[in-house]
Protein chains: 2
Amino acid sequence: MKLTEAEWQIMNALWQKHPATAREVMDRLPAGVNWAYTTIKTLLTRLVEKKAVTEAKHANTSVYEPLVSQQKARLNAFRSLLDQAFDGAIGPLVHFLAEEKQFTAKEKKELARILESEAEDKGE
Amino acid sequence: MKLTEAEWQIMNALWQKHPATAREVMDRLPAGVNWAYTTIKTLLTRLVEKKAVTEAKHANTSVYEPLVSQQKARLNAFRSLLDQAFDGAIGPLVHFLAEEKQFTAKEKKELARILESEAEDKGE
DNA sequence: AAGATTCTACTACATCCGTAGAAGGCGCCA
DNA sequence: TGGCGCCTTCTACGGATGTAGTAGAATCTT
């Protein structure tokens, strides 16, 4: 289940609170994304076809609900990135993050801390 | 500079060793990617247009060289993922990784260790 | 030097993606 | 009851992407 960029916008809005109507989704899109209402509808329809979302009618209005969890979608996206850009392994990503000045020491420390504690929990 | 999936394959092969000819790139594509020679050429041409790669002629054969470093491309991809799927912040990614059972404790520990040491180096 | 091999440039084409307009249906308000 | 406004479904369309064929030029091979 690969989402396109535009579809991510929709899903992000939908995950925020659902079920939701197309108009609600529209209102929750980030400022700067000024799509026509029908654009949202088109995207939602495509997402329904893709089985990423369900559609239910209430009176004459469709109400949408995510079928794919945010966690799952994130995992897919993360894996794809790993496969595509980091040889499919966490090692190279780690390396990259370590090299990367773009992230603050604080961010890195936080990441490290959480991962560390997680690792402890599971015991090696 | 956004690379498409197919383009990543080419770039990955090119970063491995360069300059390289189209045929060399072809030979280095992962098993399972069995594209026609002309497909590779098309992709390389598009990458040249995008200025992600340079092309130089040696006799009648083109030799290609990446113009965009792997590090840079990775950063772009990583940032895109962050923006698209993780609210543009490292925090949610951290959370996600922590939740995610998909990664072994070992991987997490490694990630943690490297990030930790990096953070130390820079001092907070 | 002729045939085989390999390149290159160009063209092609189906599908996907972003983005939306048009036209018709339904409920609400004056 | 005639609009007004919102909803729906269908259709569209240009540009990006994946994937490759063709034809002619250059080069190697014997």
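Reckoned from all heavy atoms, side chains included, excluding hydrogens, waters and symmetry mates. Numbers restart at 1 for each chain; the letters A, B, ... are given by sequence-line order, proteins then strands.
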> Are the side chains of E5(A) and K2(B) in touch, meaning some heavy atoms are under 4.5 Å apart?
Replying inline: yes
>> Using side-chain heavy atoms (C-beta onward) and a distance below 4.5 Å, is I10(A) in contact with Y64(A)?
In response: no
> What is the distance from NZ of K41(A) to P of dT8(D), rounded to the nearest Å?
Replying inline: 3 Å
> Expressed in angstrom and rounded to an integer, what is the separation of M26(B) atom CE from dA20(D) atom C1'?
Replying inline: 12 Å
>> side chain to side chain donor-acceptor pair (under 3.5 Å) for T54(B) and E65(B)? Distances and angles first, verdict last.
In response: CA-CA 5 Å; T54(B) 37; E65(B) 183 97 26; 5.7 Å; no
Hey, what are the protein-to-nucleotides 22-25 of chain D N/O distances that come in under 3.5 Å?
none

> Would a hydrophobic clustering, with Ile, Leu, Val, Met, Phe, Trp and Tyr connected at side-chain separations under 4.5 Å, put W35(A) with L47(A)?
Replying inline: yes
> Whole Å only: how far is the CZ atom of R23(A) from the C1' atom of dT8(D)?
Replying inline: 12 Å
> For K72(B), does the NZ atom have more than 12 heavy-atom neighbours from other residues, nucleotides or ligands under 6.0 Å away?
Replying inline: no
> L29(B) CG to dT19(D) C1': how many Å, rounded?
Replying inline: 13 Å
> Atom OG1 in T21(A), atom CG in D27(A): separation rounded to 0.5 Å?
Replying inline: 7.5 Å
>> Quick check for you: name the first and last nucleotides of DNA chain C, 5' to 3', having an atom under 4.0 Å from a heavy atom of chain A.
In response: dC17(C) to dA22(C)
>> For a 4.5 angstrom cut-off between non-hydrogen side-chain atoms, does E7(B) reach K50(B)?
In response: yes
> According to a 4.5 Å side-chain heavy-atom criterion applied to Ile, Leu, Val, Met, Phe, Trp and Tyr, with indirect links allowed, do V63(A) and I40(A) form part of one hydrophobic cluster?
Replying inline: no
> Taking atom P of dT8(D) as reference, at what distance in whole Å does atom CG of L43(A) sit?
Replying inline: 14 Å
Identify the pairs formed between an N or O of the protein and an N or O of nucleotides 12-17 of chain D at a distance under 3.5 Å, and give each distance.
none

>> Tell me whether L29(B) shares a hydrophobic cluster with L43(B), the cluster being built from Ile, Leu, Val, Met, Phe, Trp, Tyr side chains joined at under 4.5 Å.
In response: yes
>> Counting C-beta onward and ignoring hydrogens, is there a side-chain heavy-atom pair between M11(B) and V53(B) closer than 4.5 Å?
In response: yes
> T39(B) near the nucleic acid: base, sugar-phosphate alone, or nothing, with a heavy-atom cut-off under 4.0 Å?
Replying inline: base
>> Return the CG to CZ distance between L3(B) and R74(B), rounded to the nearest 0.5 Å.
In response: 12.0 Å
